[in-house]
Amino acid sequence: MPTELSIVVHGPNTQGHLTGLLDSVAADPAPDTEVIVVAVGDWARETAREHAPGAVLVALPDGTGDAEARAAGAARASGRWLHFVHAKDGLPPGAPALLAARAAELPDTVDVLLFDHVRTTWQTSGAPSYDSRLLARAGRAELTLDDLPALLRLTPILGNRLIRADHWRAHADTLSTDDEAYAAQSALLTAARIACYTHPGFEHRELRPGSLPPRTLDDHLAVLDRYEALLEATRTRTAPHAVLYHLMVRDGLRTFVRAGMPERDARVFFHRASQAARRLRPEGLRHPAGPEGLRRTLLEEDAYARYRALQTANHARRAAKKALRTGKRQLGTQIRSLQYRRALSRPVDPNLAVFSAYWNRGVACNPAAIAAKLAELAPQVHPVWVVAPNRVGLLPPGTDHVVPDSRRYWEVLGRAKFLVNNVNFANAVVKRPDAVHVQTHHGTPLKRMGIDQMRYPATAQGLDFEALLARIDKWDYSVSANSHTTRMWESAYPSRYVSLDHGYPRNDVYYTATAADIAAIRARLGIAPGRRAILYAPTHRDYEAEWTPRLDLAALADRLGEETVLLVRSHYFHAGTATALTGLRRAGRVLDVSAYEPVEELCLAADALITDYSSIMFDYANLDRPIVIHADDWETYVATRGVYFDLMAEAPGPVARTQGELVDILTSDAWNDHEAGKARAMFRRRFCEFDDGRAAERVVRRVFLGEPEEALPAIIPVDERTPAPTPQEATAS
């Protein structure tokens, strides 16, 4: 059987990064894949011998350029596809196997496979790329560059694309250049057809500028040389030519503004960029309106002095606006601080409770369930919800609410006896000794949380752990759904709060909903009686800039047949950005329910759940209905986010690593057979431990009514509970 993929690692052991790259490849061998190490210099050669014993070693002398190194590796490759990985870069865990599997699906007419990547610098690790949206727009269809010329806007590196070996060899004269960006773009321009993949298959490492040789004028002019050559090659291809022209002007002006060139060099560069902009401008092209159009006009006119004057004026204007905004903000902060201090000086109101959920998104989750039970058991306590201005219109009629930073917002926060949230309140909120703060959380932790994220910099970017600990210290109570969660919160959020091992109030509905409730929900969603509804609810990836479907949803719906409806819900972090779902309503078989609230109703309506690493699986398990895990990037997720247990070994049902495996599970009995039921039962006993339908009552009686724990309703054992009816039971005539 021929090798599918040849990974060509090439270059010197720059700053020692080759060691980690080869160790990661050796620790994660992929089937149908070979590794060729083109080691440039003695250090790289010795590193390869020690850390890649099973790889093909090609030793080249110090000073060998990247083009020659890539060519030497390609010459030794036996794979149908080539992946060029520079020695300074990396490969996410599991990426080679996933790329090889995706490439194996492609016909011989496809010459390039584009995929996503993560970015690592000397300061950060595993940050999302900027390519996710465009890759999602392309989907999984095989297309030509003229179909979607915007693909030229993807980061121009060879590491984020596989090139068919035959295509590489046929265009070796064009692609064999030390200018990687030129080679990357040329691979697209010469490709017959292109395919895309949203999974990150490459880690692009940006070295610290101070560790590299200073860039010369010739280095800067090389940017223009590259675009001029590409534009000359696309004179007869209108759409790609226009995209490349815009990229040339954009990158030329960015280089001019940001490179910090001496005045003499800057004049030379600007003049050369101006010549290129005039000579290669597409016929009929109109400049955009506003400042961008003015900048382009000045460039074409070679108006160096006026461009510099425009820069100076813009800097001055921005500085003035910043000073004005800062002054207004400081004045507003002073006024709000005075209002808040006055509220704090007044007696606490024992019958006032402030609620918030999901960073002020509205009435939802555990706080909503507690507030509803509070109205029943302690109606004298008045609830006020903190809601963002853009969510006010979505509130249930009659909901008393405040908008953050308003005068009444600080008044109620200062005087309320009870503050309930499923995240944290603002840092400025003071913990009064006679006030009670309840942290309800919003899920059972699989991924690392709180201070446990410190070891995972991709997830902890910008997170102030000192401020986090200060917020934790304000908690009086922390609500938990199971013993696992209680232990993990003690690790992730160490402080003196009391754990309320009472269950998650939002999950009560999974035991209290009636057949009529479920039938009504399915009717609102337009699910006909007798049809199988499957909820697909993936989680957020810290290495993705935005949500993109990890499944070909239209193809999945086709395979599942007319009697199955897919309910697709993107993570709430990506509300309003799930553009990849547009157009997928195929005769009512794929429904975008990302904006549907509450999510508990979607769970009640669904016969089964497909998810990856979302905490929705722990909640849905209360219903004792089938759960299928789609874990196409488990190793990458573990490496970038960290987890508390191995989901692959303790899943609540069958696990699919590819879409094909998922289809096989859902079109056979595997999704709901004896083995699936046994796995689900074990999962429920562990993670549905305290959820029995009376969690909200226990929280209200304990926190708001002050009843002792021994007086609260006892927790019903998992095996003795009766979940809500199934959709089949609810819609049976």
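What you are looking at is a predicted structure, and each value in this text was computed from that prediction instead of being measured. Numbering of residues begins at 1 and proceeds along the displayed sequence.
Note that the CG atom of L189 and the CG atom of D146 stand 9.0 Å from one another [nearest 0.5 Å]. Atom CZ in F202 sits 3.5 Å away from atom CG in D89 (nearest 0.5 Å). Considering CG of L154 and CG of L134, their distance stands at 4.5 Å, rounded to 0.5 Å. Going from atom CG of L310 over to atom NE2 of H315 covers 9.5 Å, rounded to the nearest 0.5 Å. For the atom pair CH2 (W81) and CG (L113), the distance works out to 6.0 Å, reported to the nearest 0.5 Å. In this structure, CG in L135 is found 7.0 Å from OG in S129, a value given to the nearest 0.5 Å.
Residues I157 and H204 form a side-chain contact, since some pair of their non-hydrogen atoms from C-beta on lies under 4.5 Å apart. The shortest side-chain heavy-atom distance between Y536 and L553 falls under the 4.5 Å cut-off. In this structure the side chain of V628 never reaches within 4.5 angstrom of the side chain of I534, judged on heavy atoms. Taking 4.5 Å as the limit, every side-chain heavy atom of T33 sits out of range of all side-chain heavy atoms of H83. Here the side chains of V9 and L21 are in contact, with some heavy-atom distance below 4.5 Å. Counting heavy atoms from C-beta on, the side chains of L91 and P96 come closer than 4.5 Å. Within the 4.5 Å cutoff, the side chain of T611 has heavy atoms near those of the I629 side chain. The closest side-chain heavy-atom distance from T155 to H117 is below 4.5 Å.
A donor-acceptor contact closer than 3.5 angstrom links the side chains of R308 and Q311. A donor and an acceptor atom, one from each side chain of H86 and R70, are nowhere located under 3.5 Å apart. Counted by atom type alone, D612 and T539 present zero donor-acceptor pairs between their side chains at under 3.5 Å.
The residues E34 and R76 are annotated as not salt-bridged, no charged nitrogen and carboxylate oxygen being separated by less than 4.0 angstrom. Note on R272 versus D225: salt bridge recorded, some NZ/NE/NH1/NH2 to OD/OE distance being below 4.0 Å. Under a 4.0 Å N-O distance rule, the pair R657/E635 qualifies as a salt bridge. Of the charged side-chain nitrogens involved, none lies within less than 4.0 Å of a carboxylate oxygen, so that R102 and E4 do not count as a salt-bridged pair.
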Evaluate side chain to side chain contact (heavy atoms under 4.5 Å, CB included) for R161 paired with L188, printing each intermediate quantity in order. CA-CA 10 Å; R161 58 204 68 195; L188 295 182; 3.6 Å; yes
Full working for side chain to side chain contact (heavy atoms under 4.5 Å, CB included) between D108 and R164: CA-CA 9 Å; D108 291 340; R164 187 177 292 280; 3.4 Å; yes
For a side-chain hydrogen bond (donor to acceptor under 3.5 Å, both in side chains) check, start with the C-alpha distance between S594 and D592, then their side-chain angles and the critical distance, and finish with the verdict. CA-CA 6 Å; S594 300; D592 178 6; 2.7 Å; yes
Assess the residue pair H246 and R296 against the criterion (side-chain hydrogen bond (donor to acceptor under 3.5 Å, both in side chains)); give the C-alpha distance rounded to whole Å, side-chain angles, the decisive distance to 0.1 Å, and a yes or no. CA-CA 10 Å; H246 284 295; R296 293 189 175 212; 2.8 Å; yes
Starting from the C-alpha separation in whole Å, work towards a yes-or-no answer on side chain to side chain contact (heavy atoms under 4.5 Å, CB included) for L98 and Y197. CA-CA 10 Å; L98 289 169; Y197 190 29; 4.0 Å; yes
Take E292 and R250, measure what salt bridge (Lys or Arg N to Asp or Glu O under 4.0 Å) needs, and give me the verdict at the end. CA-CA 10 Å; E292 179 62 22; R250 182 201 69 183; over 6 Å; no
Go through R318 and N314 one step at a time and tell me if the side chain to side chain contact (heavy atoms under 4.5 Å, CB included) criterion holds. CA-CA 6 Å; R318 284 195 293 268; N314 285 338; 3.7 Å; yes
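Checked by atom type and distance alone, the side chain of T177 pairs as donor or acceptor with a backbone atom of D179 at under 3.5 Å. With hydrogens and angles disregarded, no donor-acceptor distance shorter than 3.5 Å links the side chain of D131 to the backbone of D116. A donor-acceptor pair is defined here as one N or O able to donate and one able to accept, closer than 3.5 Å; such a pair exists between the side chain of T234 and the backbone of L230. R193 places no side-chain N or O within 3.5 Å of a backbone atom of T109 that could act as its donor or acceptor partner. Listed for the T636 side chain is a donor-acceptor partner under 3.5 Å among the backbone atoms of P93. Of the possible donor and acceptor atoms, one in the side chain of D219 sits under 3.5 Å from a partner among the backbone N and O of T216. With hydrogens and angles disregarded, a donor-acceptor distance shorter than 3.5 Å links the side chain of H241 to the backbone of L231. In this structure, the side chain of R569 does not engage the main chain of L535 through any donor-acceptor pair within 3.5 Å. Panel note: side chain Y245, backbone A277; a donor-acceptor pair is recorded below 3.5 Å. At distances below 3.5 Å, at least one donor-acceptor pair connects side-chain atoms of S274 with backbone N or O atoms of L299.
Scanning both residues, P156 and A184, for their nearest heavy atoms gives C-CB, 3.7 Å. Nearest heavy atom pair, residue A555 against residue Q659, reads CB-NE2, 4.2 Å. Nearest heavy atoms, D633 versus Y613: OD1-OH, 2.8 Å. For the residue pair L145 and L151, the shortest heavy atom distance occurs at CD1-CB, 4.2 Å. Scanning both residues, A77 and I36, for their nearest heavy atoms gives CA-CD1, 3.4 Å. Nearest approach of T3 to D32, heavy atoms of both residues: CG2-O, 3.5 Å.
Looking at residues two or more places apart in sequence or on another chain, you find a salt bridge (charged side-chain N to carboxylate O under 4.0 Å, His left out) between E300 and R281. Considering only residues two or more places apart in sequence or on other chains, H630 meets the ring-ring contact (aromatic ring centres under 6.0 Å, His included) condition with none of them. For F270, the ring-ring contact (aromatic ring centres under 6.0 Å, His included) partners at least two apart in sequence or on another chain are F256, Y304, Y307.
Within a 6.0 Å radius of CZ in R264, other residues, nucleotides and ligands contribute 12 heavy atoms or fewer.
Across V40, L60, L18, a single residue satisfies side-chain contact (heavy atoms from CB on, under 4.5 Å) together with P12, and that is V40.
Ring pair H171/H167 is tilted by interplanar angle, where 30° to 60° counts as tilted.
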